[in-house]
Engineer: 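One structure follows; several queries about it will come next.
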There are 2 protein chains.
Amino acid sequence: MNALKLDDLALNALGDPTRRSIFEKLEKGPLSVVHIADGLPVTRSAVSQHLKVLKEARLITMKQEGTRSIYSINQEGLIALRNYLDRFWDEALENFKQLAETTEKQKTIKK
Amino acid sequence: MNALKLDDLALNALGDPTRRSIFEKLEKGPLSVVHIADGLPVTRSAVSQHLKVLKEARLITMKQEGTRSIYSINQEGLIALRNYLDRFWDEALENFKQLAETTEKQKTIKK
DNA sequence: ATGAATGGTTAGTTTTAGCTAACCGTTAGC
DNA sequence: GCTAACGGTTAGCTAAAACTAACCATTCAT
């Protein structure tokens, strides 16, 4: 049913600087919405919308505590991102090797 | 001199779906601009602009081969991204543990 | 020397997405 | 009951970013 892949959602979510700020605020531990919005240069409404995007990307979770909504970092989105990055690792290393060889070759050629 | 951090640039770069498509095309190996643009639903001009953003984020490198520009995946941006994600790993695991405990507790309570 | 291939840049348009303001529902405390 | 605190949603505006079209420079082949 979910047409979009999790890594797409996660990268899209962390592509926005305000959402990164929110996500990074949760680095130290769970927070309520008012605490998240505190200090940020946008309204609480904007924060709510960002939280929705982060939640759909499985980068955060929410648990209700009375009238408070407590948000925490979720490993599911993090795992998706890590797996995504790992796809490119071998290729990047190979390119690095080739670059090193080329540089070395040129160094030898240069009179 | 560089005011923006590398992980900010990288996350911003991969936040766009077209740039992700381009980046993923390089997964299998280096490509010239025309080969990258081939099959993509945008003009070569747009591709050029996206390549610039990816290059500035150190996610790709370029080497000139005559009239061709050959682009490859660069480990530098990947490392920056991996380090960024690692910051949140401990916190995410802790939240996961707490969630597991809470769920377990509620399971016991439920008559 | 001429033409074709490659690709970077810029101006200007269009689309997207982040934002505010206003509103509404729920819960907690008095 | 009433009120305050908390937070999710929607409509509409705005600013950012993606895109196209046009142009230019360079390299290679004939």
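All chains are named by letter (A, B, ...) in the order of the sequence lines, taking the proteins before the strands, and each is independently numbered beginning at 1.
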Engineer: Nearest whole Å is fine: how far is D:dA5 P from A:Asp38 CG?
Structural biologist: 15 Å
Engineer: Is there a side-chain contact between B:Tyr84 and B:Lys5 in this structure, where contact means two heavy atoms from C-beta onward sitting under 4.5 Å apart?
Structural biologist: no
Engineer: Taking side chain as C-beta onward, heavy atoms only, is A:Arg58 less than 4.5 Å from A:Leu9?
Structural biologist: no
Engineer: Report the residue (B:Met62 or A:Glu65) whose heavy-atom-nearest nucleotide on DNA chain C is the more 5′ of the two.
Structural biologist: B:Met62
Engineer: In what stems does DNA chain D take part, counting only runs of at least 3 consecutive Watson-Crick or G-U pairs whose two distances fall under 3.5 Å?
Structural biologist: C:1-30 with D:1-30
Engineer: Output the distance between atom CG (A:Leu78) and atom CH2 (B:Trp89), rounded to the nearest 0.5 Å.
Structural biologist: 5.5 Å
Engineer: More than 12 non-hydrogen atoms from neighbouring residues, nucleotides or ligands closer than 6.0 Å to NZ on B:Lys25, yes or no?
Structural biologist: yes
Engineer: Could you tell me how far apart B:Leu14 (CG) and D:dA18 (C1') are, to the nearest whole angstrom?
Structural biologist: 16 Å
Engineer: For DNA chain C, find the residues of residues 39-50 of chain A with a heavy-atom distance under 4.0 Å and give them by number; none if there aren't any.
Structural biologist: A:Pro41, A:Val42, A:Thr43, A:Ser45, A:Ala46, A:Gln49, A:His50
Engineer: If I take atom NZ in residue B:Lys52 and atom C1' in nucleotide D:dA18, what distance separates them, rounded to the nearest angstrom?
Structural biologist: 14 Å
Engineer: Do B:Ile73 and B:Phe23 have side-chain heavy atoms sitting under 4.5 Å apart?
Structural biologist: yes
Engineer: Give the rounded distance in Å between these two atoms: CG of B:Leu54 and P of D:dA18.
Structural biologist: 10 Å
Engineer: Give the first and the last nucleotide of DNA chain C, reading 5' to 3', that has any atom under 4.0 Å from a heavy atom of chain A.
Structural biologist: C:dG18 to C:dA28
Engineer: More than 12 heavy atoms of other residues, nucleotides or ligands under 6.0 Å from NZ of A:Lys52: yes or no?
Structural biologist: no
Engineer: Does some side-chain heavy atom of A:Asn83 sit less than 4.5 Å from a side-chain heavy atom of A:Asp7?
Structural biologist: no
Engineer: Rounding to a whole Å, what distance do you find between A:Arg68:CZ and D:dG7:P?
Structural biologist: 7 Å
Engineer: Rounded to the Å, how far apart are B:Leu51 CG and D:dA17 P?
Structural biologist: 18 Å
Engineer: Less than 4.5 Å apart, any side-chain heavy atom of B:Phe88 and any of A:Glu24?
Structural biologist: yes
Engineer: Could you pull out all donor-acceptor pairs under 3.5 Å where a side-chain atom in residues 11-20 of chain A meets a protein atom, sequence neighbours excluded?
Structural biologist:
from    : atom 1 : to      : atom 2 : distance (Å)
A:Asp16 : OD2    : A:Thr18 : N      : 3.2
A:Asp16 : OD2    : A:Arg19 : N      : 3.1
A:Arg19 : NE     : A:Ala13 : O      : 2.7
A:Arg19 : NH1    : A:His50 : ND1    : 3.2
A:Arg19 : NH2    : A:Asn12 : O      : 3.4
A:Arg20 : NE     : B:Asp8  : OD1    : 2.8
A:Arg20 : NH1    : A:Leu14 : O      : 2.6
A:Arg20 : NH1    : A:Gly15 : O      : 3.4
A:Arg20 : NH2    : B:Asp8  : OD1    : 3.2

Engineer: Output a table of donor-acceptor pairs, distance under 3.5 Å, between side-chain atoms of residues 33-45 of chain A and any protein atom two or more places apart or on a different chain; print 'none' if there are none.
Structural biologist:
from    : atom 1 : to      : atom 2 : distance (Å)
A:His35 : ND1    : A:Ser32 : OG     : 2.9
A:Thr43 : OG1    : A:Ala46 : N      : 3.4
A:Ser45 : OG     : A:Gln49 : NE2    : 3.3

Engineer: Please collect all salt bridge (charged side-chain N to carboxylate O under 4.0 Å, His left out) contacts where either partner lies in residues 64-74 of chain A, sequence neighbours excluded, each pair once.
Structural biologist: A:Lys63-A:Glu65
Engineer: Reckon B:Arg19 has a side-chain N or O less than 4.0 Å from the OP1 or OP2 of D:dA17?
Structural biologist: no
